[in-house]
> 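Below is one structure. I have some questions about it.
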Amino acid sequence: MYPFDQCKKEITIELQKVLAKYHSNIEIRVEIPPNNMGDFAFPCFSLAPYAKKSPIDLAKDIASGISKNKLITKIDAKGGYVNFFIDNTYLTSVTLKSILEKKDTYGCLQKKKKKVIIEHTSANPNGPLHVGRARNPIIGDTLVRIFKAAGYDVESQFYLDDMGKQVAILAWGIHNLDGKQIPLSENKKADHQKVGFYQIANERMESDEKVTEAIGEIVKKLEQGDHNTIDMIHASYAPVLDGIKQSLSRINIHIDTYIPESAFINDKSVDRVINELKQTTYCHEQDAAFYLDMEPFGIHGRSTKFFFLRSDGTTLYATRDIAYHQWKAHHADLLINVLGEDHKLESKQVQVALELLHTKVLPQIVFYAFVSLPEGKMSTRRGRVVYLDELIDECIERAYEEVKKRRASELTESQMKKIAELVGIGCLRYNIIKIQPEKDILFTWEEALNFEGNAIPFIQYAHARACSILSKTKVKKYTYDSTLLTHNSEILLVKQLARFPLVIDDACIGCKPHIVANYLYETASVFNQFYRDCPVLSEENIILRSSRIALVNATKIVLHNALDLLGISAPEEM
RNA sequence: GGGCGUGUGGCCUAGCCUGGAUAAGGCACCGGCCUUCUAAGUCGGUAAUCGCGGGUUCGAAUCCCGCCACGUCCGCCA
């Protein structure tokens with residue numbers, strides 16, 4: 001158990017003893033008060049009626065009923081709150097011990113012995129990832145890291161559309177369009193080279209019904225299992241998918257498993273889904289096509305029909321998605337999907353179908369709002385996009401300029417290039433993850449390349465400062481005397497470091513990756529205050545000096561671990 | 001028309017789930033701090049009817065209802 005949990009538990013036990021006489025069944029919830037009012041607080045407002053006292057008097061009563069011990073040094077009643085002060089020496093001692101012992105695993109929670117599948121990205125392999133879609137892998141990958149730290153066995157999955165209309169359009173374009181008609185991309189990666197075929201094929205489809213038919217024919221053959229068509233489609237999208245993987249890899253994202261939609265056609269599980277859905281009382285037929293009526297499930301609007309089988313007998317994306325989710329439910333205890341907000345209805349339809357089919361595990365969905373451009377929503381089809389590769393390059397370029405401006409005389413070219421890479425990638429991931437998913441983002445280059453204030457260089461710089469101090473000491477083993485770390489900046493820093501495990505728990509429970517970003521920023525900020533107030537290397541008291549070194553090392557560990565949760569590197573110098 | 005989400009100083013964001021003690025940061029702007037561990041830092045200042053209107057409550061940015069604005073969806077697309 002981590003120090004903060006221990007304190008909280010201890011206080012709750014003490015409170016339980018004192019509160020027993022009021023016979024209320026109110027849950028004892030201890031909260032963290034605003035600055036300088038203690039470390040934990042118990043609000044007396046909801047208990048006051050049971051005690052037949054004013055909250056202010058009740059707080060005084062409770063405060064006088066609890067005795068101090070080695071952990072609680074002061075109990076204060078103030079305005080209806082009982083405020084608890086934790087012994088700083090004790091907290092410092094146990095916190096530093098915990099961090100220095102656990103190192104890379106500090107913050108990680110107890111193993112849960114539960115498997116979670118996190119599905120994210122799942123982009124159609126018809127072109128490069130763009131910045132709108134980039135929110136998906138970044139949120140997804142950060143959740144993967146958070147859930148791992150929270151003690152889950154995690155597998156990340158990319159649901160690969162190798163059956164639908166989108167890949168069929170791409171394949172048709174590649175086989176029927178003259179390469180000379182395709183606008184050239186400067187980027188040599190296959191995804192950038194092929195996307196033009198997709199775009200032009202889309203235009204042709206809109207103006208020419210024969211093209212629409214040809215593409216429909218491809219989709220139908222795919223579903224019938226025609227080997228030539230399957231091979232042709234695979235050959236068309238495989239290089240594009242490869243390009244997508246390369247882009248992901250540049251921003252430290254690796255996806256464990258790619259699950260093709262076709263798998264659920266081939267193993268007939270989609271057929272089973274169709275048969276079972278047909279048996280439900282909500283199923284209706286219309287011109288040989290089948291749908292579920294969604295009206296009874298609270299879905300209203302212009303159409304409440306959820307079609308799962310076309311009149312030509314082929315399935316739809318959502319139908320295959322149901323089969324996929326049933327399969328996932330068999331392989332995990334917890335399912336999480338990261339989806340764009342445009343998938344809300346489809347996701348609800350799938351959810352209803354899964355319930356009708358008595359699926360054991362239903363997915364928990366993290367929806368994110370779109371990243372749009374000042375001129376409107378990003379669209380691959382219309383070519384109105386900022387590609388992820390483009391943004392990665394710009395971020396690194398910008399970071400390089402900044403390093404050069406500051407360190408050109410001290411560092412070699414390759415050192416500067418290396419730092420620019422770490423800062424640039426971090427900048428990209430941080431600027432996206434620091435905003436809660438449901439908030440929409442208007443993409444501007446100025447914001448995306450933000451290096452000031454609440455941005456990654458601030459945090460990485462704090463880490464580099466810590467490393468710089470440590471590199472100038474010859475300490476092998478970190479010894480400390482926690483009674484000497486009494487400066488307010490030292491105490492605030494220790495408390496901040498002690499909070500880290502709670503942050504992981506919160507971020508995991510709420511699927512809220514942005515709170516890790518907030519925590520990192522605060523931690524870097526508190527460390528900078530310590531850096532200002534408490535000189536380390538020039539401290540003459542040898543024991544205080546080594547205690548501060550231990551604190552710096554602990555901070556370095558926490559910053560590193562928290563950055564790692566966001567998939568961002570912690571440079572040792574910058 | 002209906003569903004879902006968002007609305008917090010000039011701009012961007014946290015807090016909302018689980019109501020509580022002076023609404024917290026960043027950018028921009030103004031004024032300080034480098035003979036001391038990298039100033040990508042730090043200290044101070046100006047700046048908010050928490051979209052609008054009701055309600056619940058001792059107490060509402062937070063919960064409930066209505067309205068407005070923006071986003072998104074309501075395809076035998078994915």
Side-chain angles (χ1 to χ4, degrees), chain A residues 27 29 31 33-35 37 41 43-46 48 54-55 78-81 83 122-124 126 161 163-167 261 286-291 294 298-305 307-312 314-318 320-321 340-346 348 367 369-370 372 377 399 402-403 405-407 410 423 434-442 444 446-447 450-462 464-466 468-473 509-510 512 514-515 517-518 521-522 524-525 528-529 531-539 548 552 573-574:
Chain A
E27 185 199 359
R29 276 227 340 271
E31 47 188 65
N35 37 340
M37 290 198 259
C44 301
F45 304 95
S46 49
S54 75
K78 202 172 181 183
Y81 287 88
N83 293 329
S122 303
N124 288 325
N126 51 16
D161 170 27
M163 299 262 13
K165 205 166 155 185
Q166 304 305 317
V167 278
E261 279 186 40
Q286 178 183 316
D287 305 329
F290 289 84
Y291 67 90
M294 289 283 128
I299 293 177
H300 310 283
R302 282 194 282 268
S303 169
T304 59
K305 294 172 182 174
F307 280 91
F308 60 89
L309 190 65
R310 290 195 187 99
S311 33
D312 67 359
T314 58
T315 61
L316 289 101
Y317 168 81
R320 288 166 253 144
D321 206 15
E341 61 180 348
D342 55 333
H343 278 67
K344 275 184 183 173
L345 180 62
E346 187 265 349
K348 173 77 180 164
F367 290 108
F370 282 115
S372 54
K377 191 177 153 184
E402 297 292 329
V403 189
K405 200 158 80 190
R406 296 174 167 85
R407 308 291 305 274
E410 301 159 76
V423 175
K434 73 175 177 184
I435 295 172
Q436 53 174 268
E438 55 270 24
K439 218 127 174 174
D440 29 62
I441 298 179
L442 184 67
T444 59
E446 194 193 349
E447 273 295 320
N450 177 31
F451 273 60
E452 287 181 334
N454 186 357
I456 204 63
F458 178 85
I459 296 159
Q460 290 177 320
Y461 184 64
R465 274 181 154 178
S468 171
I469 292 172
L470 296 172
S471 72
K472 291 185 171 69
T473 67
I509 287 170
K512 289 177 175 178
H514 72 281
I515 73 176
N518 291 170
Y521 180 77
E522 285 162 19
S525 177
N528 280 334
Q529 287 158 37
Y531 185 91
R532 177 197 65 215
D533 295 332
C534 306
V536 179
L537 300 175
S538 60
E539 174 54 50
R548 283 183 175 162
V552 169
E573 68 172 335
M574 54 189 284

> Could you work out the separation of G9(B) and U62(B) based on their P atoms and round it to a whole Å?
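About 15 Å, rounded to a whole number of Å.
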> So which nucleotide from G41(B), A78(B), C58(B) ends up closest to the side chain of R465(A)?
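Selected nucleotide: G41(B).
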> Report the distance from atom CZ of F370(A) to atom CG of D342(A), rounding to the nearest 0.5 Å.
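These two atoms lie 3.5 Å from each other.
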> Roughly how far apart, to the nearest Å, are G15(B) and A21(B) at atom C1'?
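Looking at atom C1' only, G15(B) and A21(B) are 15 Å apart.
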> Assign the ring pair F307(A) / Y291(A) to parallel, tilted or perpendicular, where the plane angle (0 to 90°) is split at 30° and 60°.
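It falls in the tilted class, 30° to 60°.
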> Pull up the glycosidic torsion of C16(B) and say syn or anti, syn being anything within 90° of 0.
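C16(B): anti glycosidic orientation.
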> Tell me whether the side-chain N/O atoms of K165(A) come closer than 4.0 Å to OP1 or OP2 in G75(B).
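Answer is no, no contact under 4.0 Å.
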> Hey, what are the protein-to-nucleotides 63-67 of chain B N/O distances that come in under 3.5 Å?
none

> Sequence neighbours left out, what passes side chain to side chain contact (heavy atoms under 4.5 Å, CB included) with A464(A)? Give chain and number order.
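Only M574(A) meet the side chain to side chain contact (heavy atoms under 4.5 Å, CB included) criterion with A464(A).
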> Grab the CD-P distance between E341(A) and C70(B) for me, whole Å please.
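Checked: the CD to P distance equals 15 Å.
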> Please state whether the phosphate of U36(B), meaning OP1 or OP2, lies under 4.0 angstrom from any side-chain nitrogen or oxygen of S538(A).
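No, because none of the side-chain N or O atoms of S538(A) sits under 4.0 Å from OP1 or OP2 of U36(B).
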> Is it the case that the side chain of K434(A) and the backbone of N454(A) share a donor-acceptor pair, with hydrogens and angles ignored and the cut-off at 3.5 Å?
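Flag set: sc K434(A) to bb N454(A) pair under 3.5 Å.
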> For T304(A), what residues pass the side chain to side chain donor-acceptor pair (under 3.5 Å) criterion, not counting sequence neighbours?
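Residues passing side chain to side chain donor-acceptor pair (under 3.5 Å) with T304(A): D293(A).
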> Looking at residues at least two apart in the chain, or sitting in another chain, which of them share a salt bridge (charged side-chain N to carboxylate O under 4.0 Å, His left out) with R532(A)?
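Scan of R532(A) (salt bridge (charged side-chain N to carboxylate O under 4.0 Å, His left out), adjacent residues dropped) gives none.
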> Using heavy atoms to find the nearest nucleotide of RNA chain B for S525(A) and D287(A) separately, return the residue whose nucleotide is more 5′.
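This one resolves to S525(A).
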> Round to a whole Å and report the spacing from CZ of R302(A) to C1' of U72(B).
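Whole-Å distance recorded here is 13 Å.
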> Please report, rounded to the nearest Å, how far the P atom of G75(B) is from the CD atom of Q286(A).
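Whole-Å distance recorded here is 12 Å.
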> Suppose we define a pair by two distances each less than 3.5 Å, Watson-Crick or G-U wobble; what does C4(B) pair with here?
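Paired with G71(B).
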> Atom CG of L309(A) to atom C1' of G75(B): distance rounded to whole Å?
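Taking atom C1' of G75(B) as the reference, CG of L309(A) is at 16 Å.
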> S525(A): what forms a side chain to side chain contact (heavy atoms under 4.5 Å, CB included) with it, not counting sequence neighbours?
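Checked S525(A) against side chain to side chain contact (heavy atoms under 4.5 Å, CB included); matches are F458(A), Q529(A).
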> Take the protein atom CG of N528(A) and the nucleotide atom C1' of A40(B), then report the distance between them rounded to whole Å.
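N528(A) atom CG is separated from A40(B) atom C1' by 10 Å.
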> Y531(A) OH to C33(B) C1': how many Å, rounded?
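Atom OH in Y531(A) sits about 14 Å away from atom C1' in C33(B).
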> In B/S/- notation, 5' to 3', how is nucleotides 9-18 of chain B contacted by protein heavy atoms closer than 4.0 Å?
-----SS--B
> Under the side chain to side chain contact (heavy atoms under 4.5 Å, CB included) rule, collect the residues that match up with T315(A), sequence neighbours excluded.
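Checked T315(A) against side chain to side chain contact (heavy atoms under 4.5 Å, CB included); matches are E223(A), I265(A), V270(A), I274(A), L309(A), T319(A), R320(A).
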> Can you tell me the distance, in whole Å, between the CG atom of L442(A) and the C1' atom of U6(B)?
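Spelled out: CG on L442(A) to C1' on U6(B) is 14 Å.
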> According to the Watson-Crick and G-U wobble definitions, with both distances under 3.5 Å, which nucleotide is paired to C52(B)?
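The base-pairing partner of C52(B), which may sit in any strand shown, is G66(B).
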> For K78(A) and for A399(A), locate the closest nucleotide of RNA chain B by heavy-atom distance; then report the residue assigned to the nucleotide nearer the 5' terminus.
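Result: K78(A).
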> Do the side-chain N or O atoms of R310(A) get closer than 4.0 angstrom to the phosphate oxygens (OP1, OP2) of A78(B)?
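Yes, because at least one side-chain N or O of R310(A) sits under 4.0 Å from OP1 or OP2 of A78(B).
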> Mind calculating the distance between CE (M294(A)) and C1' (C76(B)) to the nearest angstrom?
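Rounded to the whole Å, the gap is 15 Å.
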> For L470(A), which residues count as a side chain to side chain contact (heavy atoms under 4.5 Å, CB included) partner, sequence neighbours excluded?
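Once residues adjacent in sequence are excluded, the partners of L470(A) under the side chain to side chain contact (heavy atoms under 4.5 Å, CB included) criterion are Y478(A), I549(A), V552(A), N553(A), K556(A).
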> Determine the interatomic distance between P on A61(B) and the same-named atom on C68(B); round to the nearest Å.
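So the two P atoms sit 24 Å from each other.
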> Partner lookup for A21(B), please. Criteria are Watson-Crick or G-U wobble with both distances under 3.5 angstrom; report none if nothing qualifies.
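Across all strands, not a single nucleotide pairs with A21(B).
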> Would you indicate which nucleotide in A78(B), C73(B), A39(B) comes nearest to any side-chain atom of L316(A)?
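Nearest listed nucleotide: A78(B).
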> Reckon R407(A) has a side-chain N or O less than 4.0 Å from the OP1 or OP2 of U38(B)?
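Checking R407(A) against U38(B): no side-chain N or O falls below 4.0 Å of OP1 or OP2.
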> Determine: side-chain N/O of Y461(A) to OP1/OP2 of A40(B), distance under 4.0 Å, yes or no.
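For A40(B), OP1 or OP2 has a side-chain N or O of Y461(A) closer than 4.0 Å.
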> Checking base pairs now: Watson-Crick or wobble, both atom distances under 3.5 Å. What partners C33(B)?
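Answer to the pairing question: G41(B), which forms a Watson-Crick or G-U pair with C33(B).
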> Without swapping roles, check the side chain of R310(A) against the backbone of L316(A) for a donor-acceptor pair under 3.5 Å.
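The answer is no, because no donor-acceptor pair under 3.5 Å joins these two groups.
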> Using a heavy-atom cut-off of under 4.0 Å over every strand shown, decide if N126(A) touches base, sugar-phosphate, or nothing.
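Here N126(A) touches no strand at all.
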> Within less than 4.0 Å of OP1 or OP2 of A39(B), is there a side-chain N or O belonging to R532(A)?
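So the side-chain polar atoms of R532(A) never come under 4.0 Å of the phosphate oxygens OP1 or OP2 of A39(B).
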> With respect to the phosphate group of G75(B), does any side-chain polar atom (N or O) of S303(A) fall under 4.0 Å of OP1 or OP2?
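True: S303(A) side-chain N/O within range (under 4.0 Å) of G75(B) OP1/OP2.
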> Does E447(A) have any side chain to side chain donor-acceptor pair (under 3.5 Å) partners at least two apart in sequence or in another chain, and if so, which?
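So E447(A) forms no side chain to side chain donor-acceptor pair (under 3.5 Å) with any residue.
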